[in-house]
Amino acid sequence: NAGVTQTPKFQVLKTGQSMTLQCAQDMNHNSMYWYRQDPGMGLRLIYYSASEGTTDKGEVPNGYNVSRLNKREFSLRLESAAPSQTSVYFCASSARQGPYEQYFGPGTRLTVT
Amino acid sequence: EDKVVQSPLSLVVHEGDTVTLNCSYEVTNFRSLLWYKQEKKAPTFLFMLTSSGIEKKSGRLSSILDKKELFSILNITATQTGDSAIYLCAVYSAGSARQLTFGSGTQLTVLP
């Protein structure tokens, strides 16, 4: 089992460019999550998908969109990147929504210049 | 607003020392508290605690939750250089848009 995989590992964008971060899990989990991690701020939830076909905003959703493509895949899109979106992005999954262990992917380091 | 505060922010010890990391929280509708270890990459799960006073153990690591005083501690005995990492505490609050609220972490450095 690969667990949670993310692509790309690194990305540099210019302000205004768009891109999609991809995430896939092979653990047959129902729930998936996108976080960003900034120095001194911990992990903050951007969007989550409690189950296939549903998505909900988290704490910091502005400037992002998501798609739950199927049970395995959950993508995060930046339509018009801004320097404030420079961060490390983590995808995670859990068996179901709720107080359960989340498994994290390796992260994508994004720099917006 | 849900809040999770970890202390200390950073800690430097020598191999063989015992360390205690703290996590206090203020959330509505508490359901569980989770500890993660983050080295260079993804956080990896250590413990989940839901009940007060029941210690969870895994090797040299142990953790306990006090729901009355709203805190948890993570103990690491006989530290090794491989324990060097950021330790994250997170709290799940039912009905919260955040799902899991994370603290900002404790950076532990274990020197040989």
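Chain letters run A, B, ... following the sequence lines, proteins first, then strands; residues in each count from 1.
- For B:Q6, no part lies under 4.5 angstrom from a heavy atom of chain A.
- For the options B:G103, B:S32, B:S104, B:P43, heavy-atom pairs under 4.5 Å to chain A are most numerous at B:P43.
- Using a 4.5 Å cut-off between heavy atoms, A:Q102 contacts chain B through both its backbone and its side chain.
- Evaluated for a side-chain hydrogen bond (donor to acceptor under 3.5 Å, both in side chains) with B:R60, the options B:N75, B:T79, B:D83 yield exactly one hit, B:D83.
- Shown here is A:R77, whose CZ atom has more than 12 heavy atoms of other residues, nucleotides or ligands within 6.0 Å.
- To the nearest 0.5 Å, atom CZ of residue A:R109 and atom CZ of residue A:F10 are 7.0 Å apart.
- Under the 3.5 Å distance criterion, the side-chain polar atoms of A:S31 are matched with a main-chain donor or acceptor of A:A50.
- Options A:Q6, A:M41, A:Q37, A:E101 differ in how many heavy-atom pairs under 4.5 Å they form with chain B, and the most are formed by A:E101.
- When the candidates A:G42, A:P39, A:A92 are compared by the number of heavy-atom contacts under 4.5 Å with chain B, A:G42 comes out ahead.
- Residues A:S49 and A:Y33 have side chains that never bring a donor and an acceptor to within less than 3.5 angstrom of each other.
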